[in-house]
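I have placed the structure first, in the form of structure tokens, so that the comments after it can refer back to it.
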Amino acid sequence: MKVLECFSSETRVRIIELLNEKPYNIGELAEALGMSSAIITKHIQKLEEARIVFTENTVGKRGTQKRCSLNVEKMTLVLRTAENKKPQSGFTVDLPVGQYTQYKVRPTCGMASSVKRIGMMDDPRYFDDPERTMAEHLWFASGFVEYRIPNFLVGQETASCITISLEICSEAPYYNDNWPSDITFSINNTVVATWTCPGDFGSKRGQYTPEWWVDTQYGLLKVLSVTDEGTFIDGVRFSDVHIQQLHIKTGQELLFRIACPESAANCGGVSLFGKNFGNYPQDIRVTVSV
């Protein structure tokens, strides 16, 4: 209902249209729409509650300003499903962010559970710490982490789509909202997409981030999908790599790698968030449809 309420107001729809062009602060939105900052602030609060917009406090010429950006790129509203539509089959698994099976990282780097830091900060050796499986947040300046996804396809089933959703952002020392990072996603050793994250977010406390944590607070929820038509992130086409190129076979596990190579044009690192950190109560969620 919070999402639907956002579109019941012409003003909120106009705000979304403006934020599609670029981020605005409250004063700029008020000026563009000919309204008071107090009214715009109330509209922004509703858009934040629906997670359509996210805001960050930034330093401007006249003190602290609230800067607003779009948090989603696409929404789909389905009112009626086809009566003869076959029930979707396949499987879904949730992978804790600390349950990687391979890694190669460079500082700054580290991990934290919901109650404490794991090992020493900026020492890659602690990525081998057995307590890493308890991690709810991990970060590294460059390198990769790779996960093994169990494959529960049976018989003659073939994958028609794989969807991976995760909360992710860049990695800057402490945090920096303007810190672009080219993050590459690979499945079964095939690069499917490279997405540029705009920053490492920490100016506003994450909804599920523990109170004791004072560094990076949250990331953006990104949805990566590989279908027979190509690879998409949040519904936007990123590459021509299609599901058949991933060679997903019954009984053979899948490999999922998240990387920021040192050679990237924007080598801004990676931060990952689990269900008890950030703004979204989920781990890395993988759905394979047939």
Side-chain angles (χ1 to χ4, degrees), residues 2-3 5-6 12 15 19 23-29 37-38 40-60 62-73 94 96-98 108-119 121-122 134-141 165-181 183 197-223 234 258 268-285:
K2 290 181 179 180
V3 171
E5 286 173 5
C6 287
R12 290 194 284 274
I15 288 172
L19 295 180
Y24 281 78
N25 61 40
I26 296 293
E28 290 169 339
L29 287 171
S37 293
I40 294 298
T41 297
K42 291 182 179 179
H43 284 299
I44 288 295
Q45 287 173 345
K46 284 190 172 293
L47 289 165
E48 272 195 290
E49 290 173 1
R51 295 184 177 176
I52 294 172
V53 166
F54 73 93
T55 64
E56 301 159 309
N57 293 322
T58 60
V59 178
R62 299 181 181 179
T64 302
Q65 299 177 342
K66 179 170 283 190
R67 195 158 185 80
C68 311
S69 303
L70 282 181
N71 195 38
V72 294
E73 296 177 358
D94 290 329
V97 297
T108 52
C109 62
M111 291 177 289
S113 70
S114 60
V115 296
K116 67 174 185 177
R117 294 178 182 267
I118 297 174
M121 300 301 98
D122 298 334
M134 305 299 294
E136 295 284 353
H137 175 39
L138 68 81
W139 63 95
F140 53 91
S165 65
L166 71 170
E167 186 173 353
I168 188 171
C169 71
S170 310
E171 160 52 23
Y174 192 46
Y175 70 85
N176 188 332
D177 293 339
N178 183 22
W179 190 266
S181 183
I183 300 174
C197 179
D200 176 11
F201 308 113
S203 58
K204 182 179 179 181
R205 176 156 291 279
Q207 185 174 351
Y208 299 98
T209 300
E211 289 294 329
W212 60 271
W213 185 255
V214 295
D215 209 319
T216 300
Q217 291 291 311
Y218 62 91
L220 302 178
L221 185 66
K222 310 305 292 183
V223 180
D234 298 338
I258 305 166
V270 174
S271 294
L272 294 173
F273 304 82
K275 61 186 177 183
N276 294 310
F277 244 91
N279 278 344
Y280 302 93
Q282 68 165 73
D283 295 316
I284 299 173
R285 179 161 296 164

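Worth saying up front: this structure is predicted, and the values here are computed from it rather than measured. Excluded from the calculations below are hydrogen atoms, water molecules and symmetry mates; all remaining heavy atoms, backbone and side chain alike, are included.
- Ser170 contributes no side-chain N or O that, together with a main-chain N or O of Val270, makes up a donor-acceptor pair within less than 3.5 Å.
- Distance OG/Ser69 to CD1/Ile52: 14.0 Å, rounded to 0.5 Å.
- Here the side chain of Asp283 pairs a donor or acceptor atom with the backbone of Lys275 at under 3.5 angstrom.
- Counting only distance, with no hydrogens or angles, the side chain of Asn71 and the backbone of Phe54 share no donor-acceptor pair below 3.5 Å.
- You'll find the side chain of Tyr218 reaches within 4.5 Å of the side chain of Lys204, heavy atoms only.
- Proximity of Val53 to Leu70: side-chain heavy atoms (C-beta onward) are separated by under 4.5 Å at one or more points.
- Remark: Met134 CE is loosely packed, at most 12 non-hydrogen atoms of other residues, nucleotides or ligands lying under 6.0 Å away.
- Here the straight-line distance linking atom SG of Cys169 with atom CD1 of Ile183 works out to 7.5 Å at 0.5 Å rounding.
- Expressed to the nearest 0.5 Å, how far CD1 of Ile168 lies from OG of Ser181 amounts to 8.0 Å.
- A donor-acceptor pair is defined here as one N or O able to donate and one able to accept, closer than 3.5 Å; no such pair exists between the side chain of Trp179 and the backbone of Cys197.
- Distance alone, capped at 3.5 Å, is enough to place a donor-acceptor pair between the Gln217 side chain and the Asp215 backbone.
- Under the 6.0 Å distance and 45° angle rule, Arg285 does not count as a cation-pi partner of Tyr280.
- Side chain of Arg205 to backbone of Pro210: a donor-acceptor contact under 3.5 angstrom is found.
- Side-chain N or O atoms of His137 include none that pairs as donor or acceptor with a backbone N or O of Met111 at under 3.5 Å.
- No donor-acceptor pair under 3.5 Å is formed between the side chain of Glu171 and the backbone N or O of Ser271.
- Distance check: Glu56 CD to Asn25 CG gives 12.5 Å after rounding to the nearest 0.5 Å.
- For the atom pair CG of Asn57 and CD of Gln65, the computed distance is 10.0 Å after rounding to the nearest 0.5 Å.
- Side-chain contact between Asn279 and Leu221 is absent, with no heavy-atom pair separated by less than 4.5 Å.
- Using modelled atom types, one side-chain atom of Thr216 and one backbone atom of Tyr174 make a donor-acceptor pair closer than 3.5 Å.
- Atom-to-atom distance recorded for Ile44:CD1 and Leu29:CG is 5.5 Å, nearest 0.5 angstrom.
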Please evaluate residues Glu48 and Thr55 with respect to the criterion side chain to side chain donor-acceptor pair (under 3.5 Å), reporting the C-alpha separation (whole Å), side-chain torsions for both, the decisive distance (0.1 Å), and the verdict.
CA-CA 8 Å; Glu48 272 195 290; Thr55 64; 2.7 Å; yes

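- Side-chain N or O atoms of Arg12 include none that pairs as donor or acceptor with a backbone N or O of Lys46 at under 3.5 Å.
- Between Leu19 and Leu47 there is no side-chain heavy-atom pair separated by less than 4.5 Å.
- Between Trp213 and Trp139, the ring center distance clears the sub-6.0 Å criterion.
- Between Tyr208 and Phe273, the ring centre distance reaches or exceeds 6.0 Å.
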